[in-house]
2 protein chains.
Amino acid sequence: MKRKLTLKSIAKEMDVSISTVSKALRDSPEISEETREKIKAYAKLYNYKPNNIALSLKNRKTNTIGVIIPQIVHHFFTTVIRGIEAEARENNYNVIICLSNNDFDKEVLNMELLANGSTDGFILSVSKETMQKEDYHHLNEVIEQGMPVVMFDRVVEGIACDRVLINDTQGAKKGVSHLIRSGCRKIGIITSEDYVSVGRLRTEGYLDAHDDFGIEVDENRILKLDNIDDLGEGSKKRIKEFILNNDLDGLFTVNELFAVYAARVIAQSGKSIPDDISIVCFTDGELSEHMVPSITAVSQHGEEMGRKAASILINKLERPEDETEEYGTTYIETSLIERESTRKLLR
Amino acid sequence: MKRKLTLKSIAKEMDVSISTVSKALRDSPEISEETREKIKAYAKLYNYKPNNIALSLKNRKTNTIGVIIPQIVHHFFTTVIRGIEAEARENNYNVIICLSNNDFDKEVLNMELLANGSTDGFILSVSKETMQKEDYHHLNEVIEQGMPVVMFDRVVEGIACDRVLINDTQGAKKGVSHLIRSGCRKIGIITSEDYVSVGRLRTEGYLDAHDDFGIEVDENRILKLDNIDDLGEGSKKRIKEFILNNDLDGLFTVNELFAVYAARVIAQSGKSIPDDISIVCFTDGELSEHMVPSITAVSQHGEEMGRKAASILINKLERPEDETEEYGTTYIETSLIERESTRKLLR
DNA sequence: TTAACCAACTAAATCGATTAAGTTTACTTG
DNA sequence: CAAGTAAACTTAATCGATTTAGTTGGTTAA
């Protein structure tokens with residue numbers, strides 16, 4: 001096992017001082033052409049690479065972005081990460097990903113861990129438990145220490161940071177409007193309780209669309225589930241009852257999973273999609289794409305969101321003394337992807 | 001913005017030396033009870049946390065595992081990561097995830113980056129391009145430097161490292177045997193070219209199952225696609241032709257996506273699943289679970305795989321001088337999850 | 001009385017890299 | 001020819017924490 005090369009070992013081998021080696025490798029004019037070339041040749045031959053940890057310590061800069069998300073299993077987060085990764089790489093930043101599993105304690109732990117020298121800043125989507133607790137001391141702490149934070153998707157108010165959001169309300173409105181335009185008049189929505197911001201906002205979009213078209217909203221057609229992240233037996237039961245006990249001709253859901261399960265219930269009840277009931281869901285993922293029938297979806301453009309969040313964070317990091325203390329909210333537009341679960345519009 | 005506490009700043013504030021602070025916080029008997037308590041109280045009050053970077057440098061140990069995977073978008077990798085995360089956390093390790101996007105250069109870049117001080121060891125699944133190129137210098141380099149490596153899922157031979165594998169052959173055999181037992185005799189397989197190890201092994205399992213039951217294999221019933229990771233137009237076309245031009249009563253696919261698309265083609269051709277054609281796929285993911293009909297799948301137990309890989313790596317890291325130079329291969333058993341795409345067996 | 005010894009600290013080296021501040025040697029110039 | 005200067009290095013400080021090797025003042029035993 002060969003030890004890794006260090007400046008020290010090179011210096012010893014070549015019988016010069018450590019600083020000469022360092023300067024030679026960084027092309028300093030202080031070092032003679034001859035020595036410089038000799039050292040560089042040696043370093044190249046033995047594949048010297050500076051130790052990142054030492055550099056981080058010296059520069060008090062890690063060039064690493066910490067990403068904290070509730071769950072990686074979600075296709076959406078996956079695409080966001082891809083965007084973050086891409087933008088980071090282009091700007092010479094690394095990405096460390098930590099999962100909170102929607103657990104408050106884990107979110108706090110992860111942040112503290114990464115904040116102790118591992119990262120320069122954070123990109124995060126707040127866990128469900130944190131939102132319920134409304135305890136944001138961990139966020140305020142890292143911000144206090146001068147680490148910039150960018151929140152995305154699931155954000156909270158009252159924190160000194162930038163935000164990147166899906167235009168949830170407008171996205172939902174697009175989806176529901178599409179249903180209305182295609183002829184639906186009795187549209188149901190399967191959403192979450194209001195404390196999950198995305199659920200609340202998407203419900204608003206649903207209401208807005210009805211408003212725009214002057215269609216009355218029937219409260220019975222709104223189903224609020226408490227867990228938006230997965231589909232338990234309880235949720236399944238409520239969705240089934242909701243579908244069977246309502247005479248719907250259209251359905252909007254705030255995620256794919258609800259739509260997929262609803263589609264199953266609808267198929268089993270002998271009705272056809274899209275002719276008897278049309279479906280639109282929020283989030284364009286693998287499920288909506290491959291399902292039979294495939295489901296018309298509101299695409300969140302996760303990759304773009306990730307890129308944007310990373311670019312905002314990197315910007316702050318690169319110009320640290322630009323502390324204008326101004327924080328903005330960027331909205332990522334959604335788009336509707338028409339598939340087989342809705343009727344074609346006549347244009 | 002308040003600066004972060006360091007031993008230095010505490011020492012200054014309390015008018016003692018840096019080493020006194022360090023020792024006090026680590027409960028050294030060299031420091032008097034009184035001073036110790038005072039320093040600890042101060043540190044607690046102002047929430048002192050040691051700088052990880054400095055510790056890593058000093059200890060030449062980062063307590064971080066580097067994970068390099070082809071694509072995070074895949075549900076399977078997602079579950080593996082969850083397993084790695086869990087095992088790591090329990091043992092006080094961090095996890096850094098990097099994506100290679102199935103690209104050789106990126107895999108090399110990521111490894112070099114992380115190898116320069118950021119991690120103590122690696123868990124990786126080799127990218128497709130690397131397998132085609134058969135260039136493993138980056139792997140050999142980090143191993144040379146004394147960093148242990150554990151490969152999982154997509155592994156290559158001839159590298160001095162441990163391996164954690166799905167029992168691909170047996171898994172495929174389980175799936176195909178199930179089809180045979182349920183009455184299928186003309187079973188097709190949609191797999192990958194042989195250079196992708198998982199494809200090759202699963203094809204073997206398909207052949208083995210036929211062998212066991214004494215059923216002849218018809219070469220026309222084997223479709224080898226070149227891209228196993230996603231479903232392009234070319235693959236779709238070939239799958240469609242394959243399904244329509246073969247008189248099959250059963251189908252085994254090496255991933256979910258192939259099965260889902262095949263199911264669509266079958267449905268469109270007016271045949272019914274599972275009665276006319278039964279389907280089993282490798283990989284238990286969201287698609288097979290939620291599809292209508294849901295698809296019988298060979299579960300890879302990704303989480304268990306991740307845990308195992310992490311536990312092997314951590315073991316090596318904790319006992320570094322145990323260099324017996326012995327490397328093992330661990331197999332994770334698969335299990336069959338029966339769903340709606342196959343007929344129930346009479347037992 | 002004084003060497004020995006202990007309690008309770010502090011100083012300094014170390015991890016690996018960067019860099020400001022010296023040092024040496026040769027050479028120019030008034 | 002002495003002073004000044006530039007070239008080419010080296011020394012040492014620094015990042016933050018740990019740890020080994022001192023140091024100091026007081027107590028104790030011979």
Side-chain angles (χ1 to χ4, degrees), chain A residues 3-40 42-43 46-64 113-120 145-146 320, chain B residues 3-40 42-43 46-64 113-120 145-146 320:
Chain A
R3 273 249 67 75
K4 261 221 117 177
L5 280 200
T6 64
L7 290 188
K8 202 176 174 181
S9 70
I10 297 178
K12 200 169 172 187
E13 197 63 38
M14 309 214 49
D15 211 31
V16 290
S17 77
I18 295 176
S19 54
T20 302
V21 179
S22 172
K23 284 172 182 167
L25 294 176
R26 320 192 97 237
D27 269 328
S28 157
E30 278 184 67
I31 308 300
S32 72
E33 184 78 29
E34 197 198 333
T35 316
R36 223 190 302 162
E37 289 311 321
K38 221 160 53 187
I39 293 175
K40 283 168 88 170
Y42 183 94
Y46 291 105
N47 194 28
Y48 168 78
K49 291 271 166 52
N51 181 312
N52 290 329
I53 293 284
L55 282 176
S56 295
L57 182 59
K58 180 69 176 107
N59 302 333
R60 296 144 116 240
K61 178 101 169 64
T62 61
N63 265 60
T64 299
L113 196 87
L114 295 185
N116 292 323
S118 302
T119 60
D120 298 334
Q145 282 164 24
Chain B
R3 274 248 67 75
K4 263 221 115 179
L5 278 199
T6 64
L7 290 188
K8 201 175 175 183
S9 69
I10 297 178
K12 199 169 172 189
E13 197 64 37
M14 308 213 52
D15 212 29
V16 290
S17 77
I18 294 176
S19 50
T20 303
V21 179
S22 173
K23 285 172 181 167
L25 293 177
R26 320 192 98 237
D27 269 326
S28 159
E30 278 184 68
I31 307 300
S32 72
E33 184 77 30
E34 198 197 331
T35 316
R36 221 189 304 161
E37 289 311 322
K38 222 160 50 185
I39 292 175
K40 284 168 87 169
Y42 183 93
Y46 291 105
N47 194 29
Y48 169 78
K49 294 268 165 53
N51 181 311
N52 290 326
I53 293 284
L55 283 176
S56 295
L57 182 58
K58 179 74 175 105
N59 302 334
R60 297 146 115 237
K61 177 104 170 61
T62 61
N63 264 61
T64 299
L113 195 87
L114 295 185
N116 293 321
S118 302
T119 60
D120 297 334
Q145 283 163 24

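A note on names: the letters A, B, ... follow the listed sequences, proteins ahead of strands, and every chain is numbered from 1.
Taking both residues in full, the closest heavy atoms of B/Ser118 and A/Asn52 are given as OG-ND2, 3.8 Å, listed atom of the first, atom of the second, then distance.
The list of salt bridge (charged side-chain N to carboxylate O under 4.0 Å, His left out) pairs with a residue in residues 7-22 of chain B, not counting sequence neighbours, is empty.
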With sugar-phosphate taken as primed atoms, P, OP1 and OP2 and all else as base, the protein-contact string of nucleotides 8-18 of chain D at under 4.0 Å (heavy atoms; B, S, -) is BBBB--BBBBB

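Proximity of B/Leu113 to A/Lys49: side-chain heavy atoms (C-beta onward) are nowhere separated by under 4.5 Å.
A/Asn63 contributes atom CG, which lies 11.5 Å from atom OG1 of A/Thr119 (distance to the nearest 0.5 angstrom).
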Query - Steps toward side-chain contact (heavy atoms from CB on, under 4.5 Å) verdict (B/Thr6, B/Asn51) - result: CA-CA 8 Å; B/Thr6 64; B/Asn51 181 311; over 6 Å; no

**Asked** What do the steps show when you test A/Leu25 against A/Ile39 for side-chain contact (heavy atoms from CB on, under 4.5 Å), and what is the final call?
**Response** CA-CA 7 Å; A/Leu25 294 176; A/Ile39 293 175; 4.1 Å; yes

Next on the checklist: Show, in sequence, the C-alpha distance, side-chain angles and deciding distance for A/Met14 and A/Thr35, and conclude whether the side-chain contact (heavy atoms from CB on, under 4.5 Å) test is met.
Outcome noted: CA-CA 10 Å; A/Met14 309 214 49; A/Thr35 316; over 6 Å; no

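The overall bend of the helix from C/dT1-D/dA30 to C/dG30-D/dC1, read as the angle between its terminal helix axes built from five base pairs each, is 90° when rounded to 10 degrees.
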